[in-house]
There are 2 protein chains.
Amino acid sequence: MLSKKTKYAFHALTYLGKHMDQKTVLIQDISEEYGISHKFLENILLELRKAGILGSKKGKGGGYYLIKDPKDVPLSKVIRLLEGPIALLPCVSLNYYEPCAECKNEAKCGLNKVMIQVRDEMLKVLENKTLADILDKE
Amino acid sequence: MLSKKTKYAFHALTYLGKHMDQKTVLIQDISEEYGISHKFLENILLELRKAGILGSKKGKGGGYYLIKDPKDVPLSKVIRLLEGPIALLPCVSLNYYEPCAECKNEAKCGLNKVMIQVRDEMLKVLENKTLADILDKE
DNA sequence: CTTATACCCTATATAATTTATAGGTTTTAT
DNA sequence: ATAAAACCTATAAATTATATAGGGTATAAG
């Protein structure tokens with residue numbers, strides 16, 4: 001299951017996507033809209049900015065804004081950033097690979113094979129669906 | 001990512017599947033084979049028994065054994081039992097449904113729609129692949 | 001050029017969850 | 001009887017997730 005952090009990130013991105021007409025959006029506007037702690041959200045937006053998804057402006061009249069076209073932000077990118085691996089096992093993660101601690105022989109591990117399939121099926125959706133897709137619905 | 005508990009369950013089931021010739025297998029045999037704490041594993045095997053996947057025999061000469069044909073144990077069943085929901089959001093879980101806390105209108109939630117797709121793709125693999133499939137490889 | 005505003009950054013505290021341990025109870029073969 | 005092995009429930013320890021705190025820095029406006 002996705003963590004609150006990741007869900008909050010999606011909420012924030014949705015909000016920002018819906019307000020692309022205005023130059024900037026305040027952290028506070030988003031935190032009030034969804035009942036998210038201001039400070040917690042602040043950290044999340046900071047990560048999104050550092051990842052190049054958001055831009056920001058300091059000082060009076062400042063705030064955050066989407067720096068990318070929503071259709072160029074795959075959901076997989078947001079999940080990997082806030083959540084970490086999408087795969088169900090570290091040994092099949094494309095971006096956060098690690099061998100499984102108790103695994104003796106990855107090449108012969110049956111679970112490994114299946115989990116590669118699961119990962120690929122998940123990615124088929126998550127790499128192709130973007131922020132734009134989740135904005136459309138609302 | 002799957003918890004250790006779930007991974008241990010798969011290890012135990014794999015071990016039991018490979019030793020179906022013998023009447024019973026000791027917790028200790030499995031815990032030693034994979035370096036899992038005896039007591040922790042005990043709790044896991046207990047859950048698998050209560051779920052009707054394993055049988056057990058008490059007392060001297062006792063132990064655990066697979067009560068089901070490996071091809072009749074889908075991986076999804078094991079994951080749901082030890083891990084909980086397979087879905088990435090509570091609002092799209094088939095077995096553990098809950099509305100998302102901050103969600104105002106599920107019907108209009110774009111993330112909801114995508115996550116239903118992700119869930120279905122995951123299940124396409126996890127419902128169809130069984131214990132038998134992960135035994136084959138080893 | 002001062003002030004209020006709003007993001008920036010890092011550290012720490014709190015809460016929740018996961019992992020592990022503990023210890024006695026019951027059943028069964030010998 | 002005795003020893004073996006699962007059964008069961010409670011608690012402790014470790015880890016991770018969530019939240020808070022507080023000063024730092026840039027900027028617009030007057």
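Proteins get letters first, then strands, A, B, ... in listed order; numbering begins at 1 in each. Every heavy atom of this structure was used, including side-chain atoms; hydrogens, water molecules and symmetry mates were not.
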Measure the shortest side-chain to side-chain distance between B/F10 and B/L82 over non-hydrogen atoms and say whether it is less than 4.5 angstrom.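 Not in contact.
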Using five pairs at each end of the helix from C/dC1-D/dG30 to C/dT30-D/dA1 to define an axis, what is the angle between those two axes, to 10°?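 Axis-to-axis angle, ends of the helix: 10°.
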Can you tell me how far [atom2] of [N] sits from [atom1] of [X], to the nearest Å?
X     : N      : atom1 : atom2 : answer
A/I44 : C/dC9  : CD1   : C1'   : 16 Å
B/L82 : C/dA20 : CG    : P     : 13 Å
B/L41 : C/dA22 : CG    : C1'   : 16 Å
B/F40 : D/dT9  : CZ    : P     : 18 Å
B/M1  : D/dA17 : CE    : C1'   : 16 Å
A/L54 : C/dA6  : CG    : P     : 18 Å
A/K23 : C/dC7  : NZ    : P     : 16 Å
A/Y65 : C/dA6  : OH    : P     : 16 Å

Do other residues, nucleotides or ligands put more than 12 heavy atoms under 6.0 Å from B/K23 NZ? no
Does B/E98 CD have over 12 foreign heavy atoms under 6.0 Å away? no
Using 4.0 Å as the upper bound for N to carboxylate O, is an ion pair formed by [Y] and [X]?
X      : Y      : value
A/K104 : B/E33  : yes
A/K39  : A/E42  : yes
B/K77  : B/E127 : no
B/E121 : B/K124 : yes

Within the pair A/K5 and D/dT16, is there a side-chain N or O less than 4.0 Å away from OP1 or OP2?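 A/K5 to D/dT16 OP1/OP2: no side-chain N or O under 4.0 Å.
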Would you say C/dA20 has OP1 or OP2 under 4.0 Å from some side-chain N or O of B/Y8? yes
I'd like a table of atom pairs between the protein and nucleotides 4-8 of chain D - only N or O on both sides, under 3.5 Å - with the distance next to each one.
residue, atom, partner, partner atom, Å
D/dA5, O4', B/G59, O, 3.3
D/dA6, OP1, B/I27, N, 3.1
D/dA6, O3', B/S56, OG, 3.4
D/dC7, OP1, B/R49, NE, 2.9
D/dC7, OP1, B/S56, OG, 2.4
D/dC7, OP2, B/Y64, OH, 2.1
D/dC7, N4, B/E42, OE2, 2.8
D/dC8, OP2, B/R49, NH2, 2.9
D/dC8, N4, B/E42, OE2, 2.9

Working to the nearest 0.5 angstrom, can you tell me the gap between A/L88 CG and A/I116 CD1? 12.0 Å
Taking the ring centre of each residue, are A/Y15 and A/H11 less than 6.0 Å apart? no
When the nearest nucleotide of DNA chain D is assigned to A/E83 and to A/S37 on a heavy-atom basis, which residue is associated with the more 5' position?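 Between the two, 5'-proximity favours A/E83.
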